[in-house]
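FYI, side chains are in, hydrogens and waters are out, and symmetry mates aren't considered; it's all heavy atoms of this structure. All figures in this text were calculated on a predicted structure; none of them were measured in a lab.
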Amino acid sequence: MKRIIVLITSVAMILALFTFNVSAASASVSVSNSNPKVNNAVTVTVTVKGNEAMYGTDFSVSYNPEVLRFESGDDAAGGAGVVKIAGGVTGAVNKAYSLKFTAIASGSSSISASGGIYYENSDDSFSGSATVNVSDESKSTNANLTSLSVSAGVLSPKFSTSVTEYNVTVESDV
């Protein structure tokens, strides 16, 4: 029993001499404009950070294809809601990928990146996201009338966007 206690204590002391640095891979997703208008370009940057020198990445970026249209990107191919990125990394600890989109309709789109990083002897996974809210400037928020007319009679007072009540005087046979 004394030997077991000595053995466990010795192993614990040896392990205490080593420091373990465990950090997971991560990704940040940023957008050039989080509130674009329809037809505006939006650049999405996915920055992947490893916990050691990387030699490759392989991940997907998903988005709402009813709001955004994928145009082009670094080591990227796809569309219809998913872009696939596969790139080589020569020993860097982080790598940024730039993706170009066009805002095509008003609405909201979450842009999510998830996938893997490859190291010399292992791999790791990551995820990150951002949101874009597209508005359509061709649609006015002004609901005021621009004019008001009657086919017979006289409108009183004269039309104004700030007036909400009018009288019309007409002949008795109208």
Side-chain angles (χ1 to χ4, degrees), residues 4-5 7-144:
I4 293 174
I5 293 173
L7 180 61
I8 292 172
T9 305
S10 298
V11 170
M13 289 176 67
I14 291 170
L15 289 175
L17 295 175
F18 295 100
T19 351
F20 294 99
N21 184 9
V22 178
S23 62
S26 65
S28 63
V29 178
S30 61
V31 293
S32 60
N33 183 355
S34 60
N35 296 298
K37 307 266 187 256
V38 170
N39 296 321
N40 285 163
V42 177
T43 301
V44 174
T45 303
V46 179
T47 304
V48 178
K49 297 179 183 177
N51 58 14
E52 60 185 86
M54 302 180 287
Y55 76 83
T57 59
D58 185 12
F59 62 98
S60 297
V61 174
S62 60
Y63 62 95
N64 183 345
E66 295 177 5
V67 175
L68 298 172
R69 179 180 60 235
F70 174 67
E71 303 292 346
S72 65
D74 303 336
D75 300 318
V82 177
V83 176
K84 185 79 171 159
I85 295 95
V89 183
T90 56
V93 177
N94 56 20
K95 170 81 173 161
Y97 295 88
S98 181
L99 307 172
K100 308 277 189 234
F101 291 85
T102 299
I104 58 172
S106 61
S108 182
S109 177
S110 175
I111 301 169
S112 302
S114 63
I117 295 175
Y118 303 99
Y119 308 111
E120 186 174 341
N121 296 312
S122 64
D123 59 356
D124 208 347
S125 62
F126 63 86
S127 65
S129 66
T131 301
V132 172
N133 295 303
V134 178
S135 61
D136 190 349
E137 68 182 12
S138 68
K139 294 180 181 175
S140 174
T141 58
N142 179 348
N144 293 339

So, taking the atom named [atom1] in [X] and the one named [atom2] in [Y], what distance separates them when rounded to the nearest 0.5 Å?
| X | Y | atom1 | atom2 | result |
| --- | --- | --- | --- | --- |
| Met54 | Glu120 | CE | CD | 14.5 Å |
| Lys95 | Ile117 | NZ | CD1 | 12.5 Å |
| Phe126 | Asn51 | CZ | CG | 12.5 Å |
| Tyr55 | Asn121 | OH | CG | 9.0 Å |

Validation row: [X], [Y] side chains within 4.5 angstrom (heavy atoms):
| X | Y | result |
| --- | --- | --- |
| Ile111 | Val42 | no |
| Val46 | Phe59 | yes |
| Ser108 | Asn64 | no |

(request) Check side-chain contact (heavy atoms from CB on, under 4.5 Å) between Glu52 and all other residues, then give those that pass, not counting sequence neighbours. (result) Tyr119, Ser122

(request) List for me each residue that meets side-chain contact (heavy atoms from CB on, under 4.5 Å) alongside Thr90, sequence neighbours excluded, and say none if there are none. (result)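 Thr90 satisfies side-chain contact (heavy atoms from CB on, under 4.5 Å) with no residue once adjacent residues are dropped.
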
(message) Applying side-chain hydrogen bond (donor to acceptor under 3.5 Å, both in side chains), can you list everything that pairs with Thr57, at least two apart in sequence or on another chain?
(response)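 Applying side-chain hydrogen bond (donor to acceptor under 3.5 Å, both in side chains) to Thr57 gives Tyr97.
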
(request) Return yes if some donor-acceptor pair links the side-chain N/O of Ser127 with the main-chain N/O of Ser114 below 3.5 Å, else return no. (result) no

(message) Could you report the tightest heavy-atom contact between Gly91 and Ala53, atom names first, then the distance?
(response)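 Result for this residue pair: O-CB, 3.3 Å.
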
(request) Specify the closest pair of heavy atoms between Leu68 and Ser109, including all atoms of both residues, with the distance to one decimal. (result) CD1-OG, 3.7 Å

Side-chain donor-acceptor pairs of residues 71-87 under 3.5 Å, sequence neighbours excluded:
unit_1	atom_1	unit_2	atom_2	d
Glu71	OE2	Arg69	NE	2.8
Glu71	OE2	Arg69	NH2	3.1
Glu71	OE2	Thr102	OG1	2.8
Asp74	OD2	Ser98	N	3.0
Lys84	NZ	Asp58	OD1	3.1

(message) Tell me which pairs pass ring-ring contact (aromatic ring centres under 6.0 Å, His included) where either residue lies in residues 65-91, with sequence neighbours left out.
(response)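 Sorted result for residues 65-91: Phe70-Phe101.
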
Return a table of donor-acceptor pairs under 3.5 angstrom between the side chains of residues 26-41 and protein atoms on other chains or two or more places apart.
unit_1	atom_1	unit_2	atom_2	d
Ser32	OG	Thr43	N	2.9
Asn33	OD1	Asn35	N	2.9
Asn40	OD1	Lys37	N	2.9

(request) Would you sort out whether Leu99 and Val61 count as a side-chain contact (heavy atoms from CB on, under 4.5 Å), showing the intermediate values? (result) CA-CA 10 Å; Leu99 307 172; Val61 174; 3.8 Å; yes

